[in-house]
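In what follows, residues are counted from 1 in the order of the sequence shown. Remember, predicted model here, so these are calculated numbers, not experimental data. Just so it is clear, the values below take in all heavy atoms, side chains as well, and ignore hydrogens, waters and symmetry mates.
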Amino acid sequence: MPAAHDTSADRPDTEPVLYERRGAVAYVTLNRPRYRNAQNSAMTYALDAAFYRAAEDGEVKVVVLGGAGDHFSAGHDIGSPGRDAHLPFGRRAGLWWDHTDKAGAESRFARESEVYLGMCRRWRELPKPVVAAVRGACVAGGLMLAWVCDLIVASEDAFFADPVVRMGIPGVEYFAHPWVMPPRIAKEFLYTGDRMTARRAYEIGMVNKVVADGELTSSVDELAQRIARMPRLGLALAKRAVNQAEDLQGLHTGLDSVFGLHHLAHAHNAETAADPLGGMDVAAMKRAGS
Ligand code: ZN
């Protein structure tokens with residue numbers, strides 16, 4: 001695994017996700033630092049393989065998810081040379097059909113059901129505690145990844161944002177906003193698209209801990225080691241118990257109902273604007289946010 005601040009450029013042969021086990025902790029690292037760990041499908045499926053491996057390995061008690069370089073994840077890949085949304089991958093999240101030979105809303109719904117909503121739900125069910133180590137950007141699709149983790153430790157420089165309302169879309173595909181933050185804060189977060197600081201995220205209960213930038217790795221390690229002293233089944237059942245409580249509070253059905261609104265927005269954009277993202281590319285999103 002590279003050092004936490006490794007900013008080595010992506011090479012074509014670079015693995016999009018790194019995996020290493022040290023003792024009872026599996027370290028899973030998003031590894032596209034040149035693109036602030038933007039998630040393409042290659043990364044999504046590599047991440048799924050890493051989580052599967054961690055779940056399967058009897059030696060692993062706790063998983064740590066982090067990002068190589070200075071950022072956790074800037075979101076889904078909407079503009080890097082490695083963008084691969086048009087390519088087929090072996091589907092794992094569900095039995096819905098492949099998107100690549102379909103058109104319009106049918107294609108979008110198929111793809112996002114699999115790689116966004118489906119995968120996030122699948123990862124949330126990993127029966128071992130997952131700790132997100134967040135530094136720098138945790139934006140849009142990056143939020144989805146952090147939110148499916150059980151605990152979030154953020155460094156002082158971390159920030160959180162969901163700016164996709166600028167695309168006319170009501171938030172990212174995994175719409176956990178009103179469950180991970182109070183509803184009024186969720187509205188402010190969406191309406192403004194502003195960055196939420198790590199401190200603010202802590203104040204509203206969205207992250208467990210904020211630490212100095214240089215202490216993120218050691219702090220997460222220490223937390224993971226402590227959790228790893230608990231019995232495996234106890235941890236798995238405790239995780240399921242809290243996840244079930246969230247679902248009883250409407251998370252599961254809430255995600256499904258907003259996913260429909262999300263696809264209404266994509267379809268509206270496709271009918272009326274340049275594309276399903278409302279003509280907003282990476283540069284346009286940056287300009288709008290400045
Ligand atoms: Zn979408």
Side-chain angles (χ1 to χ4, degrees), residues 9-19 28-55 63 65-69 71-126 130 132 137-149 162 164 167 169 171-175 255 259 262-263 265-266 269-270 275-277 280-282 285:
D10 270 2
R11 295 178 299 275
D13 59 345
T14 298
E15 293 291 327
V17 171
L18 305 176
Y19 183 95
V28 177
T29 306
L30 309 171
N31 190 38
R32 300 184 74 209
R34 176 186 286 184
Y35 305 108
R36 300 198 300 167
N37 295 319
Q39 301 162 49
N40 58 6
S41 291
M43 178 184 274
T44 298
Y45 285 92
L47 196 53
D48 189 71
F51 286 149
Y52 192 94
R53 183 174 170 186
V63 181
L65 175 66
H71 301 280
F72 181 74
S73 174
H76 297 137
D77 187 343
I78 60 169
S80 92
R83 189 181 189 190
D84 53 9
H86 59 292
L87 298 177
F89 284 81
R91 285 164 293 112
R92 295 198 198 126
L95 293 175
W96 202 278
W97 49 74
D98 184 67
H99 72 286
T100 53
D101 60 346
K102 310 297 187 301
E106 182 181 9
S107 176
R108 277 193 301 278
F109 188 83
R111 177 165 187 275
E112 297 202 345
S113 295
E114 160 73 15
V115 299
Y116 297 157
L117 182 56
M119 280 299 196
C120 280
R121 277 184 164 155
R122 176 172 153 91
W123 299 336
R124 177 175 174 257
E125 297 300 318
L126 199 169
V130 184
C138 181
V139 173
L143 288 171
M144 296 169 45
L145 259 188
W147 286 347
V148 297
C149 296
D162 187 354
V164 308
M167 299 173 169
I169 298 170
V172 287
E173 290 82 2
Y174 186 85
F175 193 81
L255 289 170
F259 196 62
H262 181 95
H263 278 269
H266 274 316
N269 283 342
D275 59 48
L277 300 182
M280 301 290 278
D281 58 13
V282 173
M285 288 295 282

Peer 1: Keeping the roles fixed (side chain from His71, backbone from Ala137), state whether a donor-acceptor pair exists under 3.5 Å.
Peer 2: yes
Peer 1: For the side chain of Gln39 and the backbone of Thr44, is there at least one donor-acceptor N/O pair under 3.5 Å apart?
Peer 2: no
Peer 1: Grab the two heavy atoms, one from Ala68 and one from Pro33, that are nearest each other, plus how far apart they are.
Peer 2: O-CB, 3.7 Å
Peer 1: Only counting residues at least two apart or in another chain, list the ones meeting salt bridge (charged side-chain N to carboxylate O under 4.0 Å, His left out) with Arg83.
Peer 2: none
Peer 1: Angle class for the Phe89/Tyr45 ring planes (parallel below 30°, perpendicular above 60°, tilted otherwise)?
Peer 2: parallel
Peer 1: Does any N or O in the side chain of Asp281 come within less than 3.5 Å of the main-chain N or O of Gly79, such that one atom is a donor and the other an acceptor?
Peer 2: no
Peer 1: How far does CH2 of Trp147 sit from SG of Cys138, to the nearest 0.5 angstrom?
Peer 2: 8.5 Å
Peer 1: Just wondering, do Arg34 and Ser80 contact through their side chains at under 4.5 Å, heavy atoms?
Peer 2: no
Peer 1: To the nearest 0.5 Å, what is the distance between CZ (Arg91) and CH2 (Trp97)?
Peer 2: 10.5 Å
Peer 1: Side chain of Asn40, backbone of Gly82: donor and acceptor closer than 3.5 Å?
Peer 2: yes
Peer 1: Would you call the rings of His262 and Phe259 parallel, tilted or perpendicular if under 30° counts as parallel and over 60° as perpendicular?
Peer 2: parallel
Peer 1: Taking it one step at a time, do Tyr174 and Arg124 satisfy side-chain contact (heavy atoms from CB on, under 4.5 Å)?
Peer 2: CA-CA 11 Å; Tyr174 186 85; Arg124 177 175 174 257; 3.2 Å; yes
Peer 1: Between Asp84 (side chain only) and Ala42 (backbone N and O only), is there a donor and an acceptor less than 3.5 Å apart?
Peer 2: yes
Peer 1: Using atom types as modelled and distance alone, determine if a side-chain donor or acceptor of Asp162 lies under 3.5 Å from a backbone N or O of Gly171.
Peer 2: no
Peer 1: Return the CG to CG distance between Asp48 and Leu126, rounded to the nearest 0.5 Å.
Peer 2: 9.5 Å
Peer 1: For Ser113, what residues pass the side-chain hydrogen bond (donor to acceptor under 3.5 Å, both in side chains) criterion, not counting sequence neighbours?
Peer 2: none
Peer 1: Do Met43 and Val17 have side chains that get closer than 4.5 Å, going by heavy atoms?
Peer 2: yes
Peer 1: What distance separates His263 NE2 from Ile169 CD1, expressed to the nearest 0.5 Å?
Peer 2: 9.0 Å
Peer 1: Mind checking side chain to side chain contact (heavy atoms under 4.5 Å, CB included) for Pro81 and listing every partner two or more places apart, or none if nothing turns up?
Peer 2: Tyr35
Peer 1: Determine whether a donor-acceptor pair (N or O, by modelled atom type, separation under 3.5 Å) exists between the side chain of His99 and the backbone of Ala85.
Peer 2: yes
Peer 1: Does CG belonging to Leu95 count more than 12 external heavy atoms closer than 6.0 Å?
Peer 2: no
Peer 1: With sequence neighbours excluded, what pairs up with Arg53 under the salt bridge (charged side-chain N to carboxylate O under 4.0 Å, His left out) test?
Peer 2: none
Peer 1: For Asp77, give me all partners under salt bridge (charged side-chain N to carboxylate O under 4.0 Å, His left out), at least two apart in sequence or on another chain.
Peer 2: Arg32
Peer 1: Fit a plane to each ring of Phe109 and Trp96, take the angle between them on a 0 to 90° scale, and name the class: parallel (under 30°), tilted (30 to 60°) or perpendicular (over 60°).
Peer 2: perpendicular
Peer 1: Run the numbers on His76 and Met144 for side-chain contact (heavy atoms from CB on, under 4.5 Å), then give the verdict.
Peer 2: CA-CA 10 Å; His76 297 137; Met144 296 169 45; 3.6 Å; yes
Peer 1: Enter the distance from Glu173:CD to Arg108:CZ here, rounded to the nearest 0.5 Å.
Peer 2: 11.5 Å
Peer 1: Identify the heavy atoms of Asn269 and Met167 that sit nearest to each other, and give their distance.
Peer 2: ND2-O, 2.8 Å
Peer 1: Is the closest side-chain heavy-atom distance between Arg92 and Met119 below 4.5 Å?
Peer 2: yes
Peer 1: What are the two closest heavy atoms between Pro276 and His266, and how far apart are they?
Peer 2: O-ND1, 3.0 Å
Peer 1: State the OH-CG distance between Tyr19 and Leu47, to the nearest 0.5 angstrom.
Peer 2: 12.0 Å
Peer 1: For Thr100 and Asp98, which I'm curious about, is there any donor-acceptor pair between the side chains at under 3.5 Å?
Peer 2: yes
Peer 1: Taking the side chain as every heavy atom from C-beta outward, state whether Trp123 and Val130 have any pair of such atoms under 4.5 Å apart.
Peer 2: no
Peer 1: So, for Val164 and Val172, which heavy atoms are closest and what is the spacing to 0.1 Å?
Peer 2: CG2-N, 3.9 Å
Peer 1: Can you give me the closest heavy-atom contact between Phe72 and Leu145, atom names plus distance?
Peer 2: CE2-CB, 4.0 Å
Peer 1: For Thr29 and Asn31, indicate whether the former's side chain and the latter's backbone hold a donor-acceptor pair under 3.5 Å.
Peer 2: no
Peer 1: Applying salt bridge (charged side-chain N to carboxylate O under 4.0 Å, His left out), name anything that partners Glu125, two or more places apart in sequence or on another chain.
Peer 2: Arg240
